[in-house]
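I have placed the structure first, in the form of structure tokens, so that the comments after it can refer back to it.
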Amino acid sequence: MTQLTQIRRAPGSPPTIPSVALECLPLLASALTAAERGWPVIPLQPGSKRPAGHAERACPGTGRCAAGHRTPEERATTDPALIHTAWAHRPYNVGIATGPAGLLVIDLDPVKAEEPKGAPDGATSLQALCERAGQVLPDTYRVRTARGEHLYFTAPAGVRLKCSVDRLGPHIDTRAWGGYVVAPGSTTPDGTYEVAHDAPVAELPGWLAALLSEPHKPAMVPVQVHDGTRAARVALERECAVVASASEGGPNGRNNTLHKSACKVARFVAWGDIPRHVVEQAIQGAGEATGLPPAECRTTISSAMDWVIAHATPRETA
């Protein structure tokens, strides 16, 4: 099952709740708990952070997507009957659509393996940000992720905050409109998501809301790339421009273009001409500039990079 299916029942009759496989029960409970809080949920692939539905580049343009690709955010629901149906037979992980939930979640990530020793992780960067601002974060609901931590806040009324990557500091991402977070109870190869602090969800501090509301456009190309050969730099800048000019939907849509461009530059990473994190950061910015959700960009880029690096042929010589 890759989508939530409406249950057919006679008018006035109670919803029919399907039997649930034993392994699905904890995840079903997690989805229902989120829905009870008013947080719309989506099924994620079992053991993964990726949505169970198809990506934009593979959209058939039929059925639920006849009027255009429906994003995970648009498919999210708090309907208990639909949730029971989705989690009845497969142990889907649980995603919370942060925008419709009225949430702004701060995602603190660890340092990447290729970064220099001593580079700050997300928690360190957030602490430094608070110290510079002379502020202290309020006590709030926290989830221990597979590699870091999620801090949940209610989004300010009247402001449609979007997702961000490293805007508040290194390894500090935010999830709001256009994104989702993995709910507690879900498990990935990196570990299990668990409630770390079961406190009421606090309001997002005004000073953080101001930082996230200021006009900001992700860089479509790196200002300056210091690593790699000239050919790699030129290819990266060219493909970032291609991604940034992509339009929504179709075979030449944003996600499909992002995947193709990432594949083209990934060969230079495989050849050792340019570091992977430099390419990922630049193409991520270009993808976000088109309006694609940060999480979708990361997934698409990572998939393309992994495949090309694993299958790259030796460099051809003249």
Side-chain angles (χ1 to χ4, degrees), residues 1-55 58 60 63-65 70-103 105 107 141-152 175 179-201 293 295-296 298-299 302-303 306:
M1 183 181 299
T2 59
Q3 67 183 79
L4 300 180
T5 304
Q6 181 68 50
I7 299 176
R8 296 181 179 178
R9 54 180 181 271
S13 65
T16 301
I17 304 300
S19 59
V20 180
L22 186 62
E23 63 179 341
C24 302
L25 285 174
L27 292 163
L28 171 62
S30 173
L32 291 172
T33 297
E36 287 172 0
R37 290 176 174 263
W39 298 345
V41 297
I42 56 170
L44 307 179
Q45 294 179 10
S48 171
K49 296 190 291 185
R50 301 185 65 179
H54 58 258
R64 69 185 183 193
C65 297
R70 295 190 67 199
T71 66
E73 182 176 83
E74 294 169 330
R75 300 196 306 269
T77 184
T78 57
D79 186 329
L82 295 178
I83 292 171
H84 272 91
T85 300
W87 273 270
H89 305 296
R90 290 200 69 190
Y92 289 116
N93 273 341
V94 182
I96 298 171
T98 42
L103 294 172
V105 177
D107 181 9
Y141 182 80
R142 294 173 178 245
V143 172
R144 185 178 302 107
T145 71
R147 301 189 305 137
E149 190 173 35
H150 285 164
L151 282 61
Y152 283 57
R175 297 287 173 264
Y180 61 89
V181 291
V182 181
S186 302
T187 300
T188 70
D190 291 325
T192 300
Y193 288 67
E194 301 174 332
V195 176
H197 186 48
D198 195 9
V201 178
E296 185 175 345
R298 279 197 299 273
T299 299
S302 179
S303 174
D306 289 345

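These numbers come from the heavy atoms of this one structure, side chains and all, not from hydrogens, waters or symmetry mates.
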Could you walk me through whether N93 and T188 pass side-chain contact (heavy atoms from CB on, under 4.5 Å), step by step?
CA-CA 9 Å; N93 273 341; T188 70; 4.3 Å; yes
Among residues at least two apart in sequence or on other chains, which ones pass side-chain contact (heavy atoms from CB on, under 4.5 Å) with T145?
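So T145 forms a side-chain contact (heavy atoms from CB on, under 4.5 Å) with H150, Y193.
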Contacts of P60 that satisfy side-chain contact (heavy atoms from CB on, under 4.5 Å) - sequence neighbours left out
H54, T62
Could you pull out the closest heavy-atom pair between A76 and A97, with the gap in Å?
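Looks like CB-CB, 3.7 Å.
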Just to verify, what does E73 make a side-chain hydrogen bond (donor to acceptor under 3.5 Å, both in side chains) with, not counting sequence neighbours?
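If we apply the side-chain hydrogen bond (donor to acceptor under 3.5 Å, both in side chains) test to E73, skipping adjacent residues, there are no hits.
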Contacts of type side-chain hydrogen bond (donor to acceptor under 3.5 Å, both in side chains), residue T192, not counting sequence neighbours
T187
Can you list everything that forms a salt bridge (Lys or Arg N to Asp or Glu O under 4.0 Å) with [X]? Sequence neighbours excluded, please.
{"X": "R147", "answer": "none"}
{"X": "D190", "answer": "none"}
{"X": "E194", "answer": "R144"}

Could you pull out all donor-acceptor pairs under 3.5 Å where a side-chain atom in residues 41-52 meets a protein atom, sequence neighbours excluded?
residue : atom : partner : partner atom : Å
Q45     : NE2  : P51     : O            : 3.4
S48     : OG   : R50     : N            : 3.0

Under 3.5 Å, which donor-acceptor pairs link side chains of residues 27-36 to any protein atom two or more places apart or in another chain?
residue : atom : partner : partner atom : Å
S30     : OG   : P184    : O            : 2.6
T33     : OG1  : A29     : O            : 2.8

Show, in sequence, the C-alpha distance, side-chain angles and deciding distance for V201 and R37, and conclude whether the side-chain contact (heavy atoms from CB on, under 4.5 Å) test is met.
CA-CA 10 Å; V201 178; R37 290 176 174 263; 4.3 Å; yes
For Y152, give me all partners under ring-ring contact (aromatic ring centres under 6.0 Å, His included), at least two apart in sequence or on another chain.
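By the ring-ring contact (aromatic ring centres under 6.0 Å, His included) rule, Y152 matches W39, Y141.
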Please check if the side chain of T98 supplies one atom and the backbone of L103 the other of a donor-acceptor pair under 3.5 Å.
no
Residue pairs involving residues 39-48 (criterion salt bridge (charged side-chain N to carboxylate O under 4.0 Å, His left out); sequence neighbours excluded):
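Of all non-adjacent pairs touching residues 39-48, none passes salt bridge (charged side-chain N to carboxylate O under 4.0 Å, His left out).
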